[in-house]
*Asks:* 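Please see the structure below; I have some questions.
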Amino acid sequence: MSRTVPFYRHQLGAREAAAVAAVLETLFLTTGPKTKELEESIAKRLGVGHALGMTSATTALHLALVALGVGPGDEVIVPAMTFIATSNVVLHCGATPVFVDVEADTGNIDLAAVERAITPKTKAIIPVHLYGQMVDMKRLSAIAEKRTPRVHVIEDCAHAFESERDGVKPGQLSDGAAFSFYATKNVTSGEGGALAMRDTAFFEKVRTIRLHGMSAAAYDRHTGVYRHWDMIDLGFKANMGDIQAALILPQLPDVEAKNERRKAIAAHYDRLFEGAKDIGHPTTQKGVHHAHHLYTVWVPPARRDEVLHKLQQRGVGVAVNYRAVHLLTYYREKFGFERGRFPEAERIGDSTISLPMYPTLSEEDVEYVASTLKAILAEAP
Ligand SMILES: *Cc1c(COP(=O)(O)O)cnc(C)c1O
């Protein structure tokens, strides 16, 4: 039996189309009432004071660092197992990304390694809630808070919209939490992002630099008589528009139901791989409410690329999330990194394969993916 199981399928449909059509009837195609509604929904959902719609998680992370004053001479601690956006934004600030290794069982940033990496130059830490499993934010924030001056924490929540750990949600124990609404993320508008924050002064700073450093955005200037705007800071162009916000809003009521479905799919994969030779995978820690953004397996590194290609040939969509960042050409050349520096990130980077994971995956799809993977591994290389 053969079938095609794509890596990802979105579920946007008539509801989202109607929401966008409604925006086209109004005045605001840029940041307006829909963006505000989304920002308020996100802040409320997380129980934090503020959220700002952005063009991407990358711009959300970048602007958070800029607003914290991260610049040349500063160090920012990041995991070596993540998407390049996490460390690239540090470079865009002129600061130094300080990579640390990750935990063997989860792939999340190793908090003991974070403690060892902190120096007087450390300005911030960016934990990544990899695949949707949250980092232990209670322990991380305790590590950051006990330094003088306090080390800032900005969470990369690109995989973690639905996550929670020990009763803590993204944004609750950090300076900011950056979300992605990129095409393949659990909640999506094709492109888009958001930054959730607790502190009002920090929020106001980020809001200003989100739009060129202007004193008022179009929406705020729209009512009443014309008033001049001023430029009060040097900012960027990273504001979300109402079309993106309108696409996202109808998805929010379904987030929990879809998470339940993802959880069932992950459990199904887990069962099918139980005891399978040559198939490992990250484990979920106690107290974690997992977003199940990605389901990854670890296969023998010598066979990873072969298995990847054979899965594709047999109709199974796959991806690699991720190869270790410090070994990519740009980072290698800039910092002189060599193999062996971050062994767990490298082991995961060399062995990982992401399998299809989305709510519309059927049980037959999951069984086909699992049996195809096991069959490939049982063949000679
Ligand atoms: C997708 C992703 C990002 C970047 O998100 P964009 O919205 O595309 O900028 C950052 N970090 C991680 C871990 C991601 O998976």
Side-chain angles (χ1 to χ4, degrees), residues 7-8 10 35 38-39 42 51-66 76-93 97 99-100 102-103 106-109 124-135 137 153-163 170-171 174 176-196 206 210 236-241 243-245 247-248 251 262 282 290-296 318-326 328 331 345 348-349 352-354 357-358:
F7 180 65
Y8 177 78
H10 74 72
T35 308
L38 175 65
E39 291 168 345
I42 292 171
L52 285 167
M54 300 275 186
T55 45
S56 68
T58 307
T59 53
L61 289 168
H62 183 201
L63 268 54
L65 294 184
V66 171
V76 178
I77 298 174
V78 295
M81 174 45 55
T82 182
F83 182 57
I84 50 174
T86 318
S87 50
N88 285 358
V89 294
V90 178
L91 292 175
H92 282 307
C93 292
F99 290 99
V100 298
V102 294
E103 299 171 338
T106 66
N108 269 337
I109 192 164
I125 304 164
I126 311 181
V128 178
H129 306 311
L130 198 69
Y131 311 140
Q133 166 152 241
M134 242 174 112
V135 169
M137 287 301 297
V153 178
I154 300 294
E155 297 167 78
D156 183 333
C157 301
H159 300 177
F161 191 78
E162 311 88 326
S163 301
S174 66
F179 296 92
S180 175
F181 305 119
Y182 174 71
T184 59
K185 301 290 155 71
N186 291 14
V187 175
T188 181
S189 52
E191 299 284 356
L195 186 71
V206 176
R210 181 180 67 162
F236 299 81
K237 171 69 183 178
N239 54 307
M240 174 183 277
I243 293 174
Q244 266 70 37
L247 267 170
I248 295 166
Q251 298 171 56
R262 286 175 179 272
H290 205 304
H292 296 294
H293 170 54
L294 293 170
Y295 188 93
T296 66
V318 285
V320 171
N321 306 94
Y322 303 91
R323 292 190 298 154
V325 176
H326 66 288
L328 299 176
Y331 282 94
I348 295 170
T352 194
I353 296 177
S354 302
M357 164 55 91
Y358 41 89

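Fair warning: this is a prediction, and the values are worked out from it, not measured in the lab. When a ligand or atom number is given, it counts from 1 through the structure's own listing order.
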*Asks:* Any non-hydrogen side-chain atom of L63 less than 4.5 Å from a side-chain atom of M54?
*Replies:* yes

*Asks:* Do you know which of I248, L52, T55 makes side-chain contact (heavy atoms from CB on, under 4.5 Å) with M240?
*Replies:* I248

*Asks:* Quick check: does any side chain N or O of S163 sit under 3.5 Å from a backbone N or O of G132, one acting as donor and the other as acceptor?
*Replies:* yes

*Asks:* Looking only at heavy atoms, is any part of Y322 under 4.0 Å from ligand 1, and if so is it the side chain, the backbone, or both, or is it neither?
*Replies:* side chain

*Asks:* Check each atom of ligand 1 against the heavy atoms of A57 and keep those under 4.0 Å away; list them by number with element.
*Replies:* 4 (C), 5 (O), 6 (P), 7 (O), 9 (O)

*Asks:* Could you list the atoms of ligand 1 found under 4.0 angstrom from a heavy atom of A85?
*Replies:* 10 (C)

*Asks:* Tell me if the OH atom of Y182 is crowded by more than 12 foreign heavy atoms within 6.0 Å.
*Replies:* no

*Asks:* Pick one of side chain, backbone, both or neither for how S56 approaches ligand 1, counting any non-hydrogen atom pair under 4.0 Å.
*Replies:* both

*Asks:* Tell me, please: is A178 in heavy-atom contact with ligand 1, that is, under 4.0 Å?
*Replies:* no

*Asks:* Looking only at protein heavy atoms, which one is nearest to atom 8 (O) of ligand 1, and how far off is it?
*Replies:* Y182 CB, 3.8 Å

*Asks:* So which bit of D156 gets within less than 4.0 Å of ligand 1, heavy atoms only: side chain, backbone, both or neither?
*Replies:* side chain

*Asks:* Among side-chain atoms of N108 and Q133, is any donor-acceptor pair under 3.5 angstrom?
*Replies:* no

*Asks:* Less than 4.0 Å between a side-chain N and a carboxylate O, is that true for R210 and E39?
*Replies:* yes

*Asks:* Polar contacts were defined as any N/O atom of the residue lying under 3.5 Å from an N/O atom of the ligand; does this apply to S180 and ligand 1?
*Replies:* yes

*Asks:* Identify the protein heavy atom lying closest to atom 9 (O) of ligand 1, giving its residue, its atom name and the separation to 0.1 Å.
*Replies:* T58 OG1, 2.5 Å

*Asks:* Among K185, E162, M357, which one satisfies side-chain contact (heavy atoms from CB on, under 4.5 Å) with H293?
*Replies:* K185

*Asks:* Side chain, backbone, both or neither: which part of E191 has a heavy atom under 4.0 Å from ligand 1?
*Replies:* neither

*Asks:* Looking at atom 12 (C) of ligand 1, what's its closest protein heavy atom, distance included?
*Replies:* A158 CB, 3.4 Å

*Asks:* Nearest to atom 2 (C) of ligand 1 by heavy atom, H293, H62, K185: which?
*Replies:* K185

*Asks:* Relative to the heavy atoms of G192, which atoms of ligand 1 are at a distance of less than 4.0 Å?
*Replies:* 7 (O)

*Asks:* To check your reading of the model: name the closest protein heavy atom to atom 15 (O) of ligand 1, its residue, and the distance in Å.
*Replies:* H159 NE2, 2.7 Å

*Asks:* Any idea how Y331 and F99 line up, ring-wise: parallel (<30°), tilted (30 to 60°), or perpendicular (>60°)?
*Replies:* perpendicular

*Asks:* Could you label the plane-to-plane angle of the Y322 and H159 rings as parallel, tilted or perpendicular, counting under 30° as parallel and over 60° as perpendicular?
*Replies:* parallel

